[in-house]
**Q** 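I have a structure here, written as structure tokens, and I will follow up with some questions on it.
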Amino acid sequence: MIPIIPLVVVGGALVAVHKRRQQARLRKKLQHQPVRSGEGVSQQSRTPKPPVNIKRLLRDTVDALLFTDRQQLQDAMDPVSQQAHEQQLKKSRRQMQLSLGAVGVASLASFYPLLTPVAVLAVLYLMRETFKLVWKDFKNGRYLSLYLIGAIVTLGLIATGHLVLAIFVGLMEGFFARIINNLEDNSQGRLVNVFSSHPEQVWVVQSGVELQVAFHDLQVGDQVRVNAGEVMPVDGRIVEGFGQVDQHILTGESQPVDKEVGDEVFASTLLLSGRLTVEVMTAGEDTVAAKISQLLNETQSYKDTVILRGRKIADNFIPVKLGIAALTVPLLGPSAGLAVMFADLGGGLGISGSMSVMTYLQILARQQILIKDGRVFEALRAVDTVVFDKTGTLTQEQPTLGNIHAVDGFTEREVLRLAAAAEYRQPHPVARAILARAEAEHLDLPAVEETSYEVGYGIKVGVEGQIVRVGSARFLQREGIALPGSIAAIRQHAEADSHSLIYVAVDDQLAGLLEMEPTIRPEACEMIQVLKQRGMDVYIISGDHEAPTRNMAKKLGVEHYFAETLPENKADLVKQLRDEGRFVCFVGDGINDAIALKAAQVSVSLKGASTAATDTAQIIFMDGTLKNLLPLFELVDEFEDTMRRNKVVAFAPGIMTIGGVFFLHFGVLTSMLILYSSILGELVNIFWPLAKHQEALPELPLEDEGETHVVEKPREDL
């Protein structure tokens with residue numbers, strides 16, 4: 001008798017131990033896990049590996065089956081999902097308890113025949129996930145499938161009196177069917193609700209008094225008060241106040257924009273500083289962000305799956321197996337016919353394919369790559385064109401200080417020294433860029449005597465008996481400092497290159513201008529070169545002007561680019577490439593990119609991007625960089641090698657079984673032993689990559705590696 005109960009008990013114990021240890025591991029990671037260096041898989045693979053840690057391999061296998069590390073990455077993206085995950089775990093534990101009870105009852109029927117009807121019901125309960133897949137196939141017009149055959153075989157075992165074998169088959173079929181159901185359910189992407197970041201209540205100004213009203217009760221003409229750090233709830237026009245607005249997730253602009261009375265603002269953009277009163281022009285479904293969301297819903301998603309690839313192969317052989325079984329029954333009897341039904345002619349490909357997906361989801365999660373849609377394993381192999389959004393994807397949040405323009409007798413070094421002294425200890429990206437340049441030039445910064453900072457305008461400090469002002473042109477004009485006409489050419493050139501200007505004044509005189517340029521990600525050039533070496537074409541899409549886009553493309557060695565592209569046109573360009581016969585992977589990070597992400601066959605976003613981008617993207621790089629592009633494609637290539645080996649072991653045992661039934665009189669038990677021995681071989685092939693990458697891929701760090709941590713240095717170090 002096959003030891004079913006010990007097998008299930010051991011499996012349940014493994015899961016129970018895993019659950020208890022998971023929380024301890026989580027706490028340990030939060031306290032002690034160092035930040036990974038971000039090295040690629042190929043670089044790490046050159047390091048000699050110690051022997052395989054069997055204990056960790058078993059734990060990793062359980063983690064892969066339960067999506068543990070992948071779930072942790074999802075929780076890091078959306079903490080609310082953790083509650084749903086915990087509820088699902090409770091439900092899974094209840095189902096496991098019921099399944100163990102069903103196995104126990106069904107096993108007792110072998111000794112107490114009166115329990116046979118109850119045992120039959122128990123077997124049917126164990127097969128519930130298989131029946132779900134059969135019903136799903138029926139609804140999709142697929143009337144002959146592996147799951148139907150599995151159900152028929154189980155019912156055949158019951159009808160021929162092989163109740164114990166039916167218990168085992170029902171348990172195994174239900175286990176694998178549940179894995180497939182979970183994988184398919186987790187492959188369903190969800191579109192963003194662009195209002196998820198909006199408050200339920202907003203402050204409306206009426207007759208000089210602020211009143212709190214529901215967001216959905218806003219009407220055109222209302223005046224909404226927005227404070228620094230809040231998301232703009234509506235499209236509108238500023239009627240009072242001044243501030244800086246970060247609207248790159250909507251428009252693609254790389255730098256915050258100064259906004260004052262009369263300027264327009266858009267829903268879903270972020271007010272970085274200042275305080276605004278905004279007259280509502282559009283709200284709800286009429287906002288720009290909402291219209292982009294509507295476009296998302298109209299785009300088509302990629303439908304092919306790895307699971308379907310294996311199932312198609314197996315389904316094609318179902319009529320062959322049924323025909324041989326039907327021929328066997330009159331020749332050798334019903335038991336021989338049932339034995340033929342256990343011949344696996346590629347049937348395991350649907351299961352082995354899905355479990356291979358789970359294994360590589362685990363490996364990729366350890367590499368800080370969150371795969372939200374398992375279908376990308378199939379799609380990534382076909383990618384021949386990679387399209388990058390420029391702002392936020394190829395560039396970092398912190399700009400780089402480029403040219404320093406000194407005027408009226410000041411030197412560039414003096415302008416930088418005074419600006420760095422004024423911006424010392426300021427936390428914003430522009431200040432960090434100025435201080436980084438001052439540190440690189442080894443400037444000795446003077447002490448600041450007094451400081452006043454006007455939110456949304458600039459900073460005024462006392463330095464060596466002088467008043468130094470650093471900020472926008474509007475800030476200097478408000479301070480009564482005239483801007484000479486000689487800087488017009490500088491301003492025009494900076495605007496053409498999409499560079500922002502920071503003005504520096506000493507006392508009542510303009511001393512110079514600091515030109516802030518977007519910072520290209522340090523890994524971008526290498527990744528693009530790797531993609532080109534793999535034979536892929538690379539494109540850049542940007543909302544910026546022609547000149548800065550062309551310059552960046554030249555620096556990165558990219559021959560193809562689109563400049564001055566409106567958000568709604570990005571998806572059209574992607575579709576244009578697809579119409580040319582290209583298979584497109586789009587890498588972006590903003591609401592405006594979400595349409596293009598949805599239009600591409602494969603979509604990648606970085607953690608820290610807008611909610612729209614991460615919700616729409618199939619792949620998220622959790623370290624916030626592009627470093628994982630190479631490991632992603634390498635692991636997908638390796639996954640394909642694993643799938644090829646799966647095919648080898650998917651047919652040979654089935655041919656052996658059919659031959660054995662006809663020439664060696666194999667029975668049902670022998671056929672089952674061959675089948676499940678071949679399954680064991682497939683499992684070794686499926687989970688071997690976990691051992692292969694055991695040391696190369698450390699346990700999952702939960703820190704946000706994409707964030708830039710600024711370590712404050714003593715003044716004398718600058």
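Just the heavy atoms: all of them, side chains too, but no hydrogens, waters or symmetry mates, feed the values below. Just so it is clear, the model here is predicted, and its values are computed rather than measured. Counting begins at 1 with the first residue of the sequence.
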**Q** For the pair S603 (side chain) and F586 (backbone), establish whether a donor and an acceptor sit closer than 3.5 Å, ignoring hydrogens and angles.
**A** no

**Q** Does any part of the side chain of M622, heavy atoms only, come nearer than 4.5 Å to the side chain of L606, both counted from C-beta?
**A**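 Contact flag for L606/M622 side chains = no.
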
**Q** Any side-chain to backbone donor/acceptor pair from R128 onto Y125? Under 3.5 Å, distance only.
**A**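 Indeed, once roles are kept as given, a pair shorter than 3.5 Å links the two residues.
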
**Q** Would you compute the distance between atom CG of L155 and atom CE of M127 and round it to the nearest 0.5 angstrom?
**A** 7.0 Å

**Q** Restricting to salt bridge (charged side-chain N to carboxylate O under 4.0 Å, His left out), what partner residues turn up for D637, sequence neighbours left out?
**A** R534

**Q** With S335, which residues qualify under side chain to side chain contact (heavy atoms under 4.5 Å, CB included), at least two apart?
**A** none

**Q** Identify which one of L370, L380, L364 satisfies the side-chain contact (heavy atoms from CB on, under 4.5 Å) criterion when paired with I619.
**A** L380

**Q** For R645, which residues count as a side chain to side chain donor-acceptor pair (under 3.5 Å) partner, sequence neighbours excluded?
**A**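 Expected list: T642, N685.
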
**Q** Taking only residues two or more places apart in sequence, or in another chain, which ones meet F138 in a ring-ring contact (aromatic ring centres under 6.0 Å, His included)?
**A** Y143

**Q** Sequence neighbours excluded, which residues qualify as side chain to side chain contact (heavy atoms under 4.5 Å, CB included) partners of I655?
**A**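 Counting only residues at least two positions away or on another chain, I655 forms a side chain to side chain contact (heavy atoms under 4.5 Å, CB included) with L345.
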
**Q** Y360 vs F377 aromatic rings, parallel, tilted or perpendicular, using cut-offs 30° and 60°?
**A**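 Geometry flag for F377 against Y360: perpendicular rings.
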
**Q** Could you check if a side-chain atom of D623 sits within less than 4.5 angstrom of a side-chain atom of I369, using non-hydrogen atoms only?
**A**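 Answer no - side chains too far apart.
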
**Q** Taking side chain as C-beta onward, heavy atoms only, is F583 less than 4.5 Å from T385?
**A**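 The answer is no, as the side chains (C-beta and beyond) never meet within the 4.5 Å cut-off.
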
**Q** Using a distance-only test with no angle check, is there a side-chain donor-acceptor pair under 3.5 angstrom linking N628 and Q367?
**A**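 Side-chain D/A pair, N628 to Q367: present.
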
**Q** To the nearest 0.5 Å, tell me how far Q601 CD sits from Q618 CD.
**A**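 So the gap between those two atoms works out to 9.5 Å.
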
**Q** For T670, what residues pass the side chain to side chain contact (heavy atoms under 4.5 Å, CB included) criterion, not counting sequence neighbours?
**A** F666, I674

**Q** Applying salt bridge (charged side-chain N to carboxylate O under 4.0 Å, His left out), name anything that partners R582, two or more places apart in sequence or on another chain.
**A**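 Salt bridge (charged side-chain N to carboxylate O under 4.0 Å, His left out) check on R582 returns D537, E580.
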
**Q** Among residues at least two apart in sequence or on other chains, which ones pass ring-ring contact (aromatic ring centres under 6.0 Å, His included) with F388?
**A**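 Result, ring-ring contact (aromatic ring centres under 6.0 Å, His included) vs F388: none returned.
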
**Q** Excluding sequence neighbours, so at least two apart, what forms side chain to side chain contact (heavy atoms under 4.5 Å, CB included) with A524?
**A** L394, I520, R521, L556, L626

**Q** For a side-chain contact (heavy atoms from CB on, under 4.5 Å) with I371, tell me which candidate from I620, L632, V636, L635 qualifies.
**A** L632

